[in-house]
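Remember, it's 1-based here, ligands and their atoms both numbered in the order they're listed. In this chain, residues are counted from 1 in sequence order.
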Amino acid sequence: IELERLGIHESVEAVFPPAELADDLAALPAEISVVDDDGIPSCDAIVTLEHREAFLEVDWVHSIQAGVDRFPFDEFETNDVILTNSTGIHDRTVGETVAGYLLMFARRLHDHVANQQERRWERPDWDAAFTLSDSTACVVGTGTLGRGVAETLGGLGLGVRGVRRSDEPVPGFDEIYTTDRLLEAIADAEFVIVTVPLTDATRHLFDAAAFDAMRDDAYFVNVARGSVVDEPALIDALEADTLAGAALDVFETEPLPEDSPLWGLDEVIISPHCAAYTRDYVRDVGDLVLENVDRLADGGEFHNRVV
Ligand code: NAD
């Protein structure tokens with residue numbers, strides 16, 4: 001790859017201002033510019049949030065997200081386009097967001113916020129609040145997100161169990177179950193947190209059988225991808241009270257449609273796919289791009305290469 005022109009696709013605007021990343025990369029020995037769709041073909045490399053057909057004509061595409069399920073891997077391969085992603089940077093951000101959801105449920109903080117809107121002084125029922133240090137969380141997926149969640153929750157005193165494909169131990173997890181024992185792993189946990197990528201193997205991993213296997217007083221958290229969950233099955237379980245509640249950052253359709261029943265359920269916390277947001281996001285992505293430009297210059301292997 002001859003890197004003469006690196007484009008920052010305007011779609012990154014949803015996460016940070018493209019010009020901030022351009023500033024961060026200004027020292028590179030290449031022309032750096034913010035591009036719209038028409039500007040893509042003149043670039044050798046693109047940093048982007050969304051996918052565009054025209055990317056098949058550039059040499060290297062870097063996704064500012066860890067999840068790359070929306071990129072057509074086969075077509076990238078056929079057209080010799082390298083795809084890299086931004087895994088490795090979301091451990092603390094997503095870990096702290098998940099800790100926040102759990103604290104809201106256990107300490108009833110979301111009720112106070114709702115009551116405050118109505119200027120209502122109302123204490124929780126005597127048996128509604130509990131402490132996280134008496135609870136167990138089952139984290140499904142032990143990559144960057146899973147480890148960040150495990151470390152943050154471990155710091156709050158929860159017992160943390162992990163589910164992964166191999167049974168090798170992982171730092172931060174008290175015990176590991178393999179994916180084929182998923183239903184057993186989630187059966188007695190107060191919190192189940194999903195942190196796997198969306199792949200053919202994980203699509204609808206959480207279906208009616210999984211929600212059935214969970215405790216009736218358990219909370220479900222999805223910070224992975226919407227389609228890892230069979231959303232109608234989740235809504236059924238919440239409406240039937242066979243699940244205590246859910247915190248959801250990702251959905252099968254985003255933005256979450258206004259008529260989704262999820263908006264109206266009491267024990268559901270909704271965030272608009274921003275669990276990993278931080279003012280440092282742009283610098284973290286910039287560091288990944290700079291590292292790969294260095295590796296390119298040295299003729300080394302790309303870091304975080306997917307295709
Ligand atoms: P990662 O590659 O570091 O970790 C993913 C882990 O999942 C790996 O350990 C992998 O082995 C494991 N895995 C894959 N298939 C599995 C299966 N069938 N069963 C069990 N484990 C399996 O990626 P990451 O940075 O931790 O991100 C994980 C996913 O979370 C991303 O793909 C993305 O979809 C999502 N994500 C969401 C946000 C957000 O804002 N909500 C932010 C970052 C990532």
From the candidates Val194, Asn85, Thr87, Val250, the one that places a heavy atom nearest atom 23 (O) of ligand 1: Thr87
Hey, are Thr179 and Arg164 close enough side-chain-wise for a donor-acceptor pair under 3.5 Å? no
Find all atoms of ligand 1 within a distance of less than 4.0 Å from any non-hydrogen atom belonging to Thr202, and give their numbers and elements. 17 (C), 18 (N)
Looking at Arg147 and Glu151, is there a salt bridge between them, counting it only when a charged N and a carboxylate O are closer than 4.0 Å? no
Verify whether the ring centers belonging to His90 and Tyr281 lie closer than 6.0 Å. yes
Report the nearest protein non-hydrogen atom to atom 4 (O) of ligand 1: residue, atom name, distance rounded to 0.1 Å. Gly143 CA, 3.2 Å
Between Asp180 and Thr178, is any side-chain donor less than 3.5 angstrom from a side-chain acceptor? yes
Answer with yes or no whether the hydrophobic clustering places Leu49 together with Leu25; edges join I, L, V, M, F, W, Y residues whose side-chain heavy atoms lie under 4.5 Å apart. yes
What class does the angle between the rings of Phe211 and Phe206 fall in, given that below 30° is parallel, 30 to 60° is tilted and above 60° is perpendicular? tilted
Under 6.0 Å between ring centres: does that hold for His51 and Phe76? yes
Give the atom numbers and elements of ligand 1 that come within less than 4.0 Å of a heavy atom of Thr195. 28 (C)
Contacts of Arg283 meeting side chain to side chain contact (heavy atoms under 4.5 Å, CB included) (sequence neighbours excluded), chain-then-number -> Asp24, Asp280
Among Ser271, Pro197, Gly141, Ser227, which one puts a heavy atom closest to atom 5 (C) of ligand 1? Pro197
Count I, L, V, M, F, W, Y as connected when their side-chain heavy atoms are under 4.5 Å apart, and connections chain through other members. Are Leu243 and Val192 then in the same cluster? yes
Leu145 N/O under 3.5 Å from ligand 1 N/O: yes
Identify the protein heavy atom lying closest to atom 43 (C) of ligand 1, giving its residue, its atom name and the separation to 0.1 Å. His90 CD2, 3.3 Å
For His273, the ligand 1 atoms with a heavy-atom partner under 4.0 Å come out as 39 (C), 40 (O), 41 (N)
Looking at non-hydrogen atoms alone, which of Arg225, Arg165, Arg203 comes nearest to atom 12 (C) of ligand 1? Arg165
For atom 35 (C) of ligand 1, grab the closest protein heavy atom and report residue, atom and distance to one decimal in Å. Ala224 O, 3.5 Å
Where ligand 1 meets Gly67 - atom numbers and elements under 4.0 angstrom, heavy-atom basis: 31 (C), 32 (O), 33 (C), 34 (O)
Could you state whether Val221 and Leu238 fall into the same hydrophobic cluster, counting links through intermediate Ile, Leu, Val, Met, Phe, Trp or Tyr residues with side-chain heavy atoms under 4.5 angstrom apart? no
If you measure from atom 29 (C) of ligand 1 to every heavy atom of Val94, Val196, Val149, Asp249, which option wins on shortest distance? Val196
Show me which atoms of ligand 1 lie under 4.0 Å from any heavy atom of Ala276. 40 (O), 42 (C)
Considering the heavy atoms of Thr179, write down every atom of ligand 1 situated less than 4.0 Å from one of them. 19 (N), 20 (C)
Under 4.0 Å, counting heavy atoms only: does Thr199 come that close to any atom of ligand 1? no
Taking atom 37 (C) of ligand 1 as the reference point, the nearest protein heavy atom with its distance: Val223 O, 3.0 Å
